[in-house]
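Comments concern the structure below.
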Amino acid sequence: MPLCQEQFAALVAACRQADSFLLATHVNPDGDAVGSCLALAATLEKLGKRVVVYDQDPVPYMFRFLPGAEIFRDRLPEGETFDLLILLDCSDPARSGADLEQFTGYRRLACIDHHLTNEHFAELNLVDSQASATAELVYEVVADLDPDFDLGVAINIYTGILTDTGSFHYANAGPRAFAIAGKMVEMGVDPWQVAQHVYESEPVSRLQLLGLVLQTLRIAPDGKAACVVVTREMYARTGTSAEHTDRLVNYPRSIAGVEVAFLLREVEEKYFKLSFRSRGNVNVAALAREFGGGGHKNAAGCHLRGTSEEIIALVFRKVEQLLAPPGAATAAAAGL
Ligand code: 5GP
Ligand code: MN
């Protein structure tokens, strides 16, 4: 659904009216989640508002350079009530983590998001699944609240769009994404400096993890699905953690002929986080939703119980069904 002017006006009015804000995003925050929160937080603070920014998980190492990153808190304030809780880049409240889901210290709830699977759960919803990144929507809000926003805000917005478009690779990198990114560059954002922090400052341990992960590569018999697995044992061997698994799923997707790629990340015994990526028209958000997750058409995720072998077999089967030409299932059932 495209950006709705009424939703936009209601959210901006609520921001002007409220004095205290709790901004939060999804667990394991990515560049869009962190950049969107920080851009909005800095703008609200400049308007004299009290702002707390929360995520249960730490800001990943590649996003700690973002201006204001140190304001993220990993504990919810006790005994404080906020006029407005804004969930950013969060398709459903459960994605914000168990503590925040149970938190009641706010008067109104708002959501700024661009996920296809967002069900408009808040009182105020600024949801546009055509936006490349939540940062694109935050840009509109920030530009309205404070047209003279500073370079720090611009770096956060640029980074949100950069990372959610896969460095402007993906189909969501539309004219709006380029236009806003271009404006941020005009304001002084240095693309190489941002890229150096985000993509060119890997610890050696991440490359060692990559080496182990690539050895797990599996390809479905028809060559249209591929996956890799990350186990806790690999973390222990290389001194890494879940934050080092970002973008590893792009390797199986990069194979010619692969339509759907996924990564299994072991969370605990027989419990995996799955990251799906697709190319072209395959809707992995629908696939993830079948497994209780969600996301975007070309990038989605969910959690599943079972051994990695069981999960891989299950997903390969599902993908095969998904890619079967219409009528193939009925033809097969009829023995044709
Ligand atoms: P990633 O694979 O990078 O963790 O996530 C890709 C996309 O899928 C993101 O937009 C993210 O919000 C969504 N996603 C990932 N895991 C889950 C999940 O467990 N539940 C839901 N609803 N969405 C997810
Ligand atoms: Mn996003």
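Side chains included, hydrogens not; waters and symmetry mates left out as well; all remaining heavy atoms used. Whatever order the structure lists them in is the order used to number ligands and atoms, beginning at 1.
Closest to atom 9 (C) of ligand 1, if we only count protein heavy atoms, is His115 NE2, 3.9 Å. Here the heavy atom of the protein found nearest to atom 15 (C) of ligand 1 is Gly301 CA, 3.4 Å. In terms of protein heavy atoms, atom 4 (O) of ligand 1 is closest to Lys273 NZ, 2.7 Å. Of the protein's non-hydrogen atoms, Ala299 O, 3.4 Å is the one closest to atom 7 (C) of ligand 1. For atom 11 (C) of ligand 1, the closest non-hydrogen atom on the protein side is Arg95 NH2, 3.4 Å. Of all protein heavy atoms, the one lying nearest to atom 2 (O) of ligand 1 is Ser275 OG, 2.6 Å. For atom 19 (O) of ligand 1, the nearest protein heavy atom (residue, atom name, distance) is His303 ND1, 3.2 Å. With respect to atom 8 (O) of ligand 1, the closest heavy atom belonging to the protein is Ala300 CA, 3.1 Å.
Atom OH of Tyr61 has more than 12 neighbouring heavy atoms from other residues, nucleotides or ligands inside a 6.0 Å radius.
Interface of His296 with ligand 1, defined as ligand atoms under 4.0 Å from a residue heavy atom, comprises 10 (O). Close approach to Asp92 involves these atoms of ligand 1, each under 4.0 Å from a residue heavy atom: 22 (N). Close approach of ligand 1 to Gly295 is summarised as follows: ligand atoms under 4.0 Å from at least one heavy atom of the residue are 8 (O), 13 (C). Listed by atom number, the atoms of ligand 1 under 4.0 Å from Ser91 heavy atoms are 22 (N).
Checking side-chain atoms of Thr216 against main-chain N and O of Val229 turns up a donor-acceptor pair under 3.5 Å.
Contact detail for Glu309 and Arg218: the closest heavy-atom pair is OE2-NH1, 3.0 Å. Minimum heavy-atom separation, Val153 to Thr43: CG2-OG1, 4.1 Å.
Atoms OD2 of Asp32 and NE2 of His114, as seen from the Mn ion (ligand 2), are separated by an angle of 100°, to the nearest 10°. Considering the Mn ion (ligand 2) as centre, the angle to OD1 of Asp89 and to OD2 of Asp164 is 170° (10° rounding).
With salt bridges taken as basic N to acidic carboxylate O contacts below 4.0 Å, none links Arg279 and Glu259.
Relative orientation of the Tyr139 and Phe149 rings is perpendicular, given thresholds of 30° and 60° on the angle between their planes.
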Derivation of the salt bridge (charged side-chain N to carboxylate O under 4.0 Å, His left out) call for Arg107 and Glu123: CA-CA 10 Å; Arg107 295 193 179 87; Glu123 177 193 339; over 6 Å; no
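The aromatic ring centroids of Tyr271 and His303 lie less than 6.0 Å from each other.
Ranked by closest heavy atom to atom 5 (O) of ligand 1, the top entry among Arg277, Arg265, His26 is Arg277.
Side-chain contact between His114 and His296: present, with at least one pair of heavy atoms (C-beta onward) separated by less than 4.5 Å.
For ligand 1, the polar-atom distance check finds an N/O of Gly294 within less than 3.5 Å of one of the ligand's N/O atoms.
To the nearest 0.5 Å, atom CG of residue Leu145 and atom CG of residue Leu40 are 7.5 Å apart.
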